[in-house]
Amino acid sequence: MNFKELREEMVKEQLAGRDIKDKRVLDAFLKIPRHKFVSEESQSSAYADYPLPIGENQTISQPYIVALMSQLLELKGTEKVLEIGTGSGYQAAILAELSKTVYSIERIPSLAEKAEKLLNELGYKNIEIKVDDGTLGWYESSPFDAIIVTAASPEIPQSLVKQLAEHGRLVLPVGGKFGQMLVLVKKDKGKVETKEICGCVFVPLIGKYGYNQ
Ligand code: SAH
């Protein structure tokens with residue numbers, strides 16, 4: 001299977017063909033071997049327009065949603081970014097291409113381990129992963145210029161808003177367990193503004209400021 005061709009087609013049809021215009025985001029998608037982040041059985045579908053299983057009942061989002069969330073963060077290359085929900089590590093790799101440093105938190109140890117191994121193999125040196133409840137954020141490394149939550153939260157965790165830098169951006173799915181609204185939160189002169197982007201479906205965020213289970 002020619003993965004490079006599939007990647008180019010994915011970027012052209014699913015991303016640039018929709019509303020992904022940030023050239024740095026498109027380049028990151030052209031570069032990263034998404035098929036390495038999914039199970040062997042799913043490799044042939046790695047570049048398709050839908051989410052895929054990554055083990056432990058978790059999923060890697062559809063490429064378009066990963067791209068949309070990345071674009072909303074408006075990264076230029078100098079930022080410190082926090083991701084909640086490392087999962088396969090794919091979104092972390094995209095963020096590592098777009099920013100200076102990525103901190104990523106995963107609650108399931110086996111997923112964190114697998115992601116860390118793959119990201120090391122791919123040569124990423126600017127990603128730090130830890131196993132913890134990400135709803136608490138990563139206080140020691142805060143504030144963050146951008147925060148991305150890749151699991152569905154019942155509400156916007158104020159713990160994360162607090163760890164957002166001035167002019168920072170937070171993107172996350174907010175809502176019920178079976179369907180959510182993608183929300184963009186911006187902090188400007190201490191004021192917090194929120195904007196609804198589109199409907200989406202994510203696995204639940206489980207933790208102190210998320211769902212109980
Ligand atoms: N960003 C991932 C997809 C994540 S799926 C990727 O690119 O593959 C959502 C992930 O969030 C799952 O791995 C799940 O275990 C994790 N998760 C759920 N609640 C969490 C929490 N409180 N802290 C950290 N990770 C959490």
Side-chain angles (χ1 to χ4, degrees), residues 10 15 25 28-29 31-39 42-43 45-48 50-73 81-99 102-119 122 124 127-139 141-142 144 146-160 163 170-178 180 182 200-213:
M10 165 190 78
L15 309 187
V25 172
F29 276 79
K31 179 171 172 190
I32 297 168
R34 183 171 158 98
H35 59 279
K36 296 204 170 158
F37 292 83
V38 302
S39 64
S42 299
Q43 281 208 349
S45 318
Y47 297 96
Y50 45 76
L52 290 170
I54 55 170
E56 306 282 352
N57 281 327
Q58 306 301 321
T59 53
I60 180 173
S61 299
Q62 164 196 15
Y64 172 70
I65 287 288
V66 179
L68 179 63
M69 291 174 85
S70 306
Q71 178 168 270
L72 287 167
L73 296 177
V81 181
L82 174 66
E83 177 191 29
I84 316 297
T86 314
S88 69
Y90 180 68
Q91 173 81 73
I94 298 277
L95 295 170
E97 293 288 336
L98 299 173
S99 66
V102 179
Y103 293 84
S104 186
I105 311 175
E106 171 57 53
R107 64 180 282 274
I108 301 177
S110 62
L111 290 178
E113 241 169 69
K114 216 167 130 192
E116 190 156 38
K117 185 166 173 279
L118 176 57
L119 292 167
L122 293 174
Y124 287 99
I127 305 174
E128 200 171 325
I129 296 175
K130 77 167 173 179
V131 176
D132 204 349
D133 172 6
T135 68
L136 304 171
W138 195 320
Y139 180 75
S141 304
S142 67
F144 298 96
I147 302 179
I148 181 170
V149 184
T150 63
S153 184
E155 51 199 58
I156 301 171
Q158 289 309 307
S159 43
L160 299 182
Q163 292 183 21
L170 158 67
V171 65
L172 79 169
V174 181
K177 273 195 178 165
F178 304 103
Q180 307 90 32
L182 193 63
C200 54
V201 185
F202 279 78
V203 295
L205 179 73
I206 297 168
K208 187 167 180 206
Y209 300 112
Y211 285 99
N212 290 333
Q213 61 160 328

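First listed ligand is number 1; within each ligand, the first listed atom is number 1.
- Leu73 has its side chain within reach of Val171: a pair of non-hydrogen atoms, C-beta onward, lies under 4.5 Å apart.
- Between Arg107 and Asp133 the shortest side-chain heavy-atom distance does not fall below 4.5 Å.
- Note: Trp138 and Tyr103 have perpendicular aromatic rings, judged against thresholds of 30 and 60 degrees for the angle between ring planes.
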Filter the ligand 1-protein atom pairs down to N or O on both sides and distance under 3.5 Å, then list them.
from	atom 1	to	atom 2	distance (Å)
ligand 1	1 (N)	Glu83	OE2	3.1
ligand 1	1 (N)	Gly85	O	2.9
ligand 1	1 (N)	Thr150	OG1	3.1
ligand 1	7 (O)	Gln91	N	3.0
ligand 1	8 (O)	Ser88	N	3.0
ligand 1	8 (O)	Ser88	OG	2.6
ligand 1	13 (O)	Glu106	OE1	2.7
ligand 1	13 (O)	Glu106	OE2	3.3
ligand 1	15 (O)	Glu106	OE2	2.6
ligand 1	19 (N)	Ile206	N	2.9
ligand 1	22 (N)	Asp133	OD1	3.0
ligand 1	22 (N)	Ile206	O	2.7
ligand 1	23 (N)	Gly134	N	2.8
ligand 1	25 (N)	Arg107	N	3.2

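- Taking each heavy atom of Lys130 and Asp132 in turn, the nearest pair found is NZ-OD2, 3.5 Å.
- Evaluation of the salt bridge (charged side-chain N to carboxylate O under 4.0 Å, His left out) rule for Lys117 yields Glu121 as partners, not counting sequence neighbours.
- With a 6.0 Å cutoff to the six-membered ring centre and a 45° limit on the axis angle, Arg34 does not count as a cation-pi contact of Phe29.
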